[in-house]
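FYI, side chains are in, hydrogens and waters are out, and symmetry mates aren't considered; it's all heavy atoms of this structure. Quick caveat, the model's predicted, so the values are computed rather than measured. Naming convention: chains lettered A, B, ... in sequence-line order (proteins, then strands); numbering from 1 in each chain.
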2 protein chains.
Amino acid sequence: MAADGVEEVLAVLEGRWKILILFHLFSRSVLRFSELEKAIPAISQKMLAQQLRDLERDGIVQRTVHPQVPPKVEYALTDIGQKLCPALDALLEWAALRKSSLDGGR
Amino acid sequence: MAADGVEEVLAVLEGRWKILILFHLFSRSVLRFSELEKAIPAISQKMLAQQLRDLERDGIVQRTVHPQVPPKVEYALTDIGQKLCPALDALLEWAALRKSSLDGGR
DNA sequence: CAGTATCCCCACTGATACTG
DNA sequence: CAGTATCAGTGGGGATACTG
């Protein structure tokens, strides 16, 4: 059954911030740690670092360290990460659909 | 920004079991409470009931009580719930893609 | 059959402080 | 700048028992 696939996706995308992080990487393509912090004000450094590590471990984001002082680290989607975009888009489309049906229905 | 949409989706689909439940309703169309229990052995009654209430409250699943003894309650996707299917499919496709790229890559 | 009601735990998350 | 270390709290979720 395809339920295995569901579990896979769930395991990889679970976590309060991952989809939000992916969304920002999706629309801006390359972001530094501090830029992600600014983009998602509610997230703590610890959580940002942790979720980025998870996403990196799962092969969804690419972490690039530029050997400089001060340090510069950039995050971008990997190839397979890019391919998540259509699915995230479908989710957003559905959200829009739902919102309009909610408004139209009253 | 479309980030609002992300938050919406997150709020509605959050919870360890919702997407799994939706997947089963998606493939079987109508299921009784006990059928969902069998389909998702790892879920507890409490969680199943709770997540179904959430999904019902958010207008994604339709709960139908048949006045009988013993009780019979059926769950199905609403109209807007049905429209989530393409997005879930995209997620599953991505999972398959990812799995094959993982296998092929070694 | 289809749920509630209770109790309880620990994993996720946050806040703060520190560092290469 | 880009993290790690440490401590502490909360509530999401599990186990069990009970009910219309």
Quick one: what's the B/S/- string for nucleotides 7-20 of chain C, heavy-atom cutoff under 4.0 Å, read 5' to 3'?
-> B-----BBB-B--B

In whole angstrom, give the distance that lies between atom [atom1] of [X] and atom [atom2] of [N].
X: B/Phe33; N: C/dA2; atom1: CZ; atom2: P; value: 8 Å
X: B/Glu37; N: D/dA15; atom1: CD; atom2: P; value: 13 Å
X: B/Gln68; N: C/dC1; atom1: CD; atom2: P; value: 13 Å
X: B/Lys18; N: D/dG13; atom1: NZ; atom2: C1'; value: 13 Å
X: A/Glu35; N: D/dC1; atom1: CD; atom2: P; value: 11 Å
X: B/Leu48; N: C/dA2; atom1: CG; atom2: C1'; value: 10 Å
X: A/Leu52; N: D/dC1; atom1: CG; atom2: P; value: 17 Å

Given [options], which nucleotide is nearest the side-chain atoms of [X]?
X: B/Pro70; options: C/dG3, D/dG3, C/dC1; value: C/dC1
X: A/Lys72; options: C/dA2, D/dA2, C/dG3; value: D/dA2
X: B/Ser34; options: C/dA2, D/dA2, D/dG3; value: C/dA2

Counting only side-chain nitrogens and oxygens, does [X] get under 4.0 Å of the OP1 or OP2 atom of [N]?
X: B/Tyr75; N: C/dG3; result: yes
X: A/Arg53; N: D/dG3; result: yes
X: B/Arg32; N: C/dG3; result: no

Nearest 0.5 Å please: distance from the [atom1] atom of [X] over to the [atom2] atom of [Y].
X: B/Lys18; Y: B/Leu20; atom1: NZ; atom2: CG; result: 13.0 Å
X: B/Gln62; Y: B/Leu25; atom1: CD; atom2: CG; result: 11.5 Å
X: B/Leu77; Y: B/Lys83; atom1: CG; atom2: NZ; result: 12.0 Å
X: B/Ser29; Y: B/His24; atom1: OG; atom2: NE2; result: 13.5 Å

Would you sort out whether B/Leu13 and B/Leu84 count as a side-chain contact (heavy atoms from CB on, under 4.5 Å), showing the intermediate values?
-> CA-CA 11 Å; B/Leu13 298 185; B/Leu84 233 188; 4.0 Å; yes

Pairing pattern in dot-bracket form [Watson-Crick, G-U; both distances under 3.5 Å; | = partner strand] for DNA chain C = ||||||||||||||||||||

For [X], check salt bridge (charged side-chain N to carboxylate O under 4.0 Å, His left out) against everything at least two apart and list the hits.
X: A/Arg53; result: A/Glu56
X: A/Arg32; result: none
X: B/Arg57; result: none

Could you pull out all residues at least two apart from A/Val12 that satisfy side-chain contact (heavy atoms from CB on, under 4.5 Å)?
-> A/Asp58, A/Ile60, B/Trp94, B/Arg98

